[in-house]
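Note sheet for the following structure.
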2 protein chains.
Amino acid sequence: MSKTPTPSGGFGPSIQALDPWTPSAGRMRQLLTDDERARLAVMSTIVRFKKGEIIYQEGDRADAVFNLNSGIVTTYSKAPRGREHVVAFLLADDLFGLSAEGLYTNSTRALTAVTAYRLPVAALRSRLTKDAELEFHIMCKLCQELRQARHHAFLLSQRSAVTKLAMFLQLFEQLQIAKGEPASEIHLPMDRSDIGEYTGITLAAVSRGFRTLTIRGIIKVRDRHHVRIVDRSGFEKITGDPPQSPTQLVEAGRN
Amino acid sequence: MSKTPTPSGGFGPSIQALDPWTPSAGRMRQLLTDDERARLAVMSTIVRFKKGEIIYQEGDRADAVFNLNSGIVTTYSKAPRGREHVVAFLLADDLFGLSAEGLYTNSTRALTAVTAYRLPVAALRSRLTKDAELEFHIMCKLCQELRQARHHAFLLSQRSAVTKLAMFLQLFEQLQIAKGEPASEIHLPMDRSDIGEYTGITLAAVSRGFRTLTIRGIIKVRDRHHVRIVDRSGFEKITGDPPQSPTQLVEAGRN
DNA sequence: GCAAAAGTTTGATCAGGATCAAAGATTCTG
DNA sequence: CAGAATCTTTGATCCTGATCAAACTTTTGC
């Protein structure tokens, strides 16, 4: 340990600066190039998890990072009163395995059957040392995460359960669009209690929230995992969102 | 860009990996070395803001980044129903000015009289292109921000107003410790409504929350801006936090 | 294909906060 | 320093969502 990096701990968020780190419209979800992906792939092994299986737990020694290939994963942490707080839902191409002090900072569980690439931290680290391009892309991912985390906080700061729910649906709709999938119907792979733990409301409130939106003619629930927004303007009145364009790259920045 | 450091992975939605980006115990609040700071300083100008002054607003053209020198700044964004959502409080040495698509993503206001360095984005960008060290440190800051944003989300996911308030106090206490200031008394430079907007509860609820904690003998409120925790274990029972050590650097990573 | 398990809806009750409102403190400002 | 503007406390009322619990429904495992 020599001159260490030094970060700050401010509370405040510190870096709220910079800018060029915004994904280009076309590649919202894939921040790495195919090339980079391939180079990393040779250093990794494929791992599979069954639905419900725990991939790692908070506090476990963090010796590897994962790149989700297929399926859905949820990251969560323990909250008081035996509850769980869902930090995020991870989709294909997401990287996960964040750690601090060599230990994972939260737990992850496969929500569906999952396949992922498991990349030893040591390998990634040595690769990063020589690959500035890769490092830059990881920086982009960090910025993206930061934006997402703040959006999550914003969602949680809403007072009404229905608003939180609507914002949650909106989030998933946008994710789906970013993935290039048809968006006429929103696919929610997780169950009601996961939604509750993400939105900070109870299971029962989630259910009632869906009913309320249905009764008001805002959404139509096909089945447990499929919802369609039938009254767009009513929906936007609830989320408070006018149109809101997807993030886009403005300035290439590097090279 | 040559030898780069050793970041970590991405997550959640994307980067949730890697590790070494954890502040070293000693210099929690200063991510940049004095050297780097000096090099950036020559490219910046000093700006001053009076208490209550708006530094920039969401949507303004983002042509500069700021490094807070003295005073307290708050970042916020507009929420439905004319409310404001406080994203963070910024203290000395924090960088701010995050943007996307060339526009600031939120607004900032001086909570007290403020002095800051104003650094044109173009200058920073060109500097970053040649300075891997600096880039690494900025990466550290991003990781830190991400942790903070997630902590904020966690706080907001709590059901009880008193719990949120206690977690908020805990946060400020830790910040103060990180800054190397005596921590027997917590200094809260913002007013009650700012606290409410950060914790997602109303002004009135903040006030009642302080009273509740006082009545229960957990805290003692000296005045508007000074609180002391008098019953530590009772306090920790509320926040759900046992001891919780401050983040620390595990692996130097780079030369 | 049928039980058992898991997940979901719905009900009834209750408490914690939101809201609206007014009175008390503090801190500006001229 | 007095009056104004701001911030904070406290009150009264109402409503949303938490809780506890029971009836349904869908999925899973044999």
Side-chain angles (χ1 to χ4, degrees), chain A residues 50-53 72 74 79-86 109-113 155-166 168 188-216 219-227 238, chain B residues 50-53 74 79-86 109-113 155-166 168 188-216 219 221-227 238:
Chain A
K50 289 195 276 272
K51 174 175 178 171
E53 220 174 326
I72 315 271
T74 176
R81 172 78 214 266
R83 257 187 262 117
E84 277 182 7
H85 167 68
V86 170
R109 189 182 42 220
L111 230 57
T112 63
L155 183 159
L156 287 166
S157 78
Q158 300 307 125
R159 308 244 204 275
S160 143
V162 169
T163 304
K164 290 181 190 174
L165 206 50
F168 173 79
L188 305 171
M190 72 295 291
D191 62 28
R192 299 291 184 255
S193 68
D194 291 314
I195 296 177
E197 280 152 17
Y198 184 83
T199 55
I201 59 185
T202 59
L203 174 58
V206 172
S207 182
R208 281 187 243 269
F210 275 119
R211 187 157 58 85
T212 302
L213 287 171
T214 303
I215 290 172
R216 289 200 209 157
I219 64 172
K220 194 152 256 173
V221 180
R222 174 151 71 83
D223 68 42
R224 215 178 279 223
H225 299 296
H226 298 271
V227 172
I238 293 174
Chain B
K50 289 195 275 273
K51 174 174 178 172
E53 220 175 325
T74 175
R81 175 75 214 267
R83 255 186 264 119
E84 277 181 5
H85 167 68
V86 170
R109 188 181 44 218
L111 230 56
T112 63
L155 184 159
L156 287 165
S157 78
Q158 299 308 126
R159 308 244 204 276
S160 143
V162 168
T163 304
K164 289 180 189 173
L165 206 50
F168 173 79
L188 305 171
M190 71 295 290
D191 63 27
R192 300 290 184 256
S193 68
D194 290 315
I195 296 177
E197 279 153 18
Y198 184 83
T199 55
I201 59 186
T202 59
L203 174 58
V206 171
S207 181
R208 281 187 243 268
F210 275 119
R211 187 158 59 83
T212 302
L213 288 171
T214 302
I215 290 171
R216 288 199 208 160
I219 64 172
V221 180
R222 173 149 74 83
D223 67 41
R224 219 178 274 224
H225 299 297
H226 297 273
V227 172
I238 293 173

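Numbered from 1 within each chain, the chains take letters A, B, ... in sequence-line order.
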Side chains of Phe210(A) and Ile195(A) in contact at under 4.5 Å (non-hydrogen atoms): yes
Do the side chains of Ile238(A) and Arg216(A) get nearer than 4.5 Å, heavy atoms only? yes
To the nearest angstrom, how far is Met190(B) atom CE from dT26(C) atom C1'? 18 Å
Taking atom types as they are modelled, is there a donor-acceptor pair under 3.5 Å from the base of dG17(D) to the side chain of Arg159(A)? no
Val206(A): which of Arg211(A), Glu197(A), Arg192(A) passes side chain to side chain contact (heavy atoms under 4.5 Å, CB included): Arg192(A)
Would you kindly give the CZ-to-C1' distance between Arg222(B) and dT26(C), to the nearest whole Å? 15 Å
Rounded interatomic separation in angstrom, taking CG from Leu203(B) and P from dT8(D): 7 Å
Whole Å only: how far is the CG atom of Asp223(B) from the C1' atom of dT26(C)? 10 Å
Using a heavy-atom cut-off of under 4.0 Å over every strand shown, decide if Arg208(B) touches base, sugar-phosphate, or nothing. base
Base, sugar-phosphate, or nothing: which does Lys51(B) touch, judged by heavy atoms less than 4.0 Å apart? sugar-phosphate
Net bend of the helix from dG1(C)-dC30(D) to dG30(C)-dC1(D), end axes of five pairs each, nearest 10 degrees: 60°
Arg192(A) has an atom CZ; how far is it from atom P of dT25(D), in whole Å? 15 Å
